[in-house]
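The next block holds one structure in the form of structure tokens; read it before the comments.
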Amino acid sequence: MKVLVPVKRVIDYNVKVRVKADGSGVDLANVKMSMNPFDEIAVEEAIRLKEKGLAEEIVVVSIGVKQAQETLRTALAMGADRAILIVAADDVHTDIEPLAVAKLLAAVVKEEAPGLVLAGKQAIDNDMNATGQMLAALLGWSQATFASSLDIAGDKARVTREVDGGLQTIEVAMPTVVTVDLRLNEPRYASLPNIMKAKKKPLEEKTAADYGVDVTPRLTVVKTTEPAGRKAGVKVGSVDELIAKLKDEAGVI
Amino acid sequence: MQFGLSDEQRMIVNTTRAFVEAELYPHEAEVERSGHLPLDLIRDLQAKAMAAGLYAANMPEEVGGAGLDTLSWLLYERELGRANYALHWTCVARPSNILLAGTPEQRERYLMPCIRGETWDCLAMTEPGAGSDLRGMKASARPDGSDWVLNGTKHFISHADIAGFTIAFMATGEEDTPRGPKKKITAFFVDKGTPGFTVRDGYRNVSHRGYSNAVLEFDDCRVPAENVLGEPHKGFEVANTWLGATRLQVAATCLGRAARALDHAVSYAAERRQFGQAIGKFQGVSFKLADMAMELKAAELLTWEAGWKFDQGTVTEADMSMAKLKATEMLAMVADEAIQIHGGMGLMEELPLERIWRDARVERIWEGTSEIQRHIISRELLRAVGG
């Protein structure tokens with residue numbers, strides 16, 4: 001089985017995000033960018049499937065600016081076999097919307113014919129949480145989102161999903177789109193020897209036009225603002241005082 | 001000229017930094033407090049470092065290392081340099097390059113176990129009476145039949161307590177040179193447990209808590225001829241050929257440590273408020289930050305350039321000395337100013353700054369004092385004009 005893993009280049013989760021002066025978005029100039037952490041988990045899961053003998057080949061694909069090839073190289077250094085870069089923007093501030101990404105991925109799936117698409121549940125930049133679902137719909141495939149465990153047996157996959165209020169286990173028919181959650185696994189480091197080997201792995205470069213997909217944005221960003229600062233807290237002198245405040249002022253107990 | 005990192009170098013930095021932050025930082029406070037690195041912690045971190053391919057990364061691929069070029073290796077050292085030195089060095093160890101100078105048998109016996117993490121090497125050069133003047137060493141070896149018999153004392157020998165063997169540099173006679181008589185030096189492998197070889201605890205010191213040093217005593221310690229590393233009487237040549245870029249390694253470590261101190265100073269200056277504004281708005285603080293960043297960058301450029309020239313085969317002794325000298329003196333300044341910006345809080349053990357400040361002190365002394373580095377740089381200038 002071939003596994004396709006889409007990976008997105010996003011602002012590093014350690015970076016303190018700053019809003020651009022004109023409010024049009026987040027300032028990404030000279031900011032550290034990394035692979036979306038949920039996508040790292042998806043890459044890790046694909047590698048584990050390969051190590052278990054359930055997958056033969058891992059193809060990673062990234063859609064965005066040319067610099068996304070750094071993200072792909074990282075996925076290759078973790079253990080993916082091959083990479084496809086679809087250049088769809090010139091400006092690092094241009095975000096390709098989920099529907100366009102899903103359409104491009106659907107086109108890649110038609111070409112590559114993977115048995116499984118493993119994706120992050122969402123990208124930590126815009127938190128859209130839509131691409132995996134749209135991709136499954138476009139392909140007419142089953143989908144299992146927010147996976148915290150994944151077991152593949154024959155033409156079925158058993159997926160535990162992290163839903164509000166608990167865990168839900170479902171069985172889906174393969175091929176399927178699985179979007180992964182935080183607790184599925186702990187991604188490995190791209191090891192130094194594998195980093196050196198990654199440069200020899202193939203990275204194919206395409207454009208959105210090659211797939212005939214229009215990536216023009218449909219959404220308009222009206223305004224971007226920093227979150228409101230937290231108000232100063234108060235120190236309480238005793239447990240009794242805390243309970244009283246929670247009862248009388250916060251009204252939570 | 002090309003100042004950007006390659007994809008590989010960027011990933012090496014990312015992996016090493018992620019490892020340092022996730023695996024080493026959490027143990028720093030305890031190692032600093034106790035001054036001790038427990039063996040089970042070493043084993044645990046060592047296994048993780050091996051899985052990430054960070055262990056023995058200085059070694060060529062054919063012996064199981066990562067085969068990094070010098071510049072990539074220095075980037076790796078810079079990232080490791082952010083952490084406590086005992087954790088940095090012992091748990092993510094790199095065998096001394098000098099082990100590559102061994103015969104195939106010596107490589108099998110000494111180098112490979114170090115690469116596999118089964119043991120560590122240590123280099124014994126310094127003596128109570130021979131520091132910068134290494135050739136003034138008193139410890140000696142005399143031939144006896146096909147053996148050599150070693151006598152003398154070495155001190156400040158790093159991590160000799162856990163090392164399975166040492167490479168001991170011993171005086172083996174004198175030769176006349178145009179600049180006067182000069183001691184001939186021979187390097188020997190000496191296994192722990194060899195009769196007449198004793199390792200004693202060294203000194204407690206202000207820098208590098210948890211990174212032990214030891215006193216080595218040789219008392220009629222007999223080793224066979226096959227334990228000579230390289231040729232007899234060519235110990236200095238072996239060291240000069242194979243020790244390689246240790247001065248650049250020190251420089252790179254200082255870069256990482258200074259970068260960490262600067263990160264703290266910048267964040268603090270942006271957040272800490274006094275007299276109604278962030279202290280970074282006061283020129284007394286902001287100009288310090290500018291100078292710290294500039295000094296760090298200058299030291300980085302010197303180090304990267306020397307590292308790059310090292311692989312081109314064009315590096316000079318002065319290049320490496322300049323990088324070492326600048327980086328170590330820069331670290332002293334950056335650590336000191338980072339504490340000044342933090343005020344009293346900078347001296348507390350809750351932050352890594354007091355540790356970085358203490359650690360900075362040894363860097364201007366070991367691997368050649370600042371004075372020796374200045375001597376090397378000026379000697380190169382003067383020799384060029386016959387001086």
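Excluded from the calculations below are hydrogen atoms, water molecules and symmetry mates; all remaining heavy atoms, backbone and side chain alike, are included. Order of the sequence lines sets the chain letters (A, B, ...), proteins ahead of strands, with each chain counted from 1. The structure displayed is predicted, hence computed values, not measured ones.
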Please identify, among Ala18(B), Ala66(B), Ala22(B), the residue contributing the most non-hydrogen atom pairs under 4.5 Å to chain A. Ala18(B)
Is it the side chain or the backbone of Ala52(B) that comes within 4.5 Å of chain A heavy atoms, both, or neither? both
Do Thr253(B) and Gln249(B) have side-chain N/O donor and acceptor atoms under 3.5 Å apart? yes
Is it true that, when you exclude Glu108(B) itself, more than 12 heavy atoms of the residues, nucleotides or ligands shown sit nearer than 6.0 Å to its CD? no
Would you mind checking if Lys297(B) and Glu295(B) are paired as a salt bridge, meaning a charged N to carboxylate O distance below 4.0 Å? no
Taking side chain as everything from C-beta outward and backbone as N, CA, C, O, which of these in Lys32(A) sits under 4.5 Å from a heavy atom of chain B? Side chain, backbone, both or neither. side chain
Turns out that what part of Phe19(B) lies under 4.5 Å from chain A's heavy atoms comes down to both
Salt bridge or not between Glu56(A) and Lys50(A)? Use side-chain N to carboxylate O under 4.0 Å. no
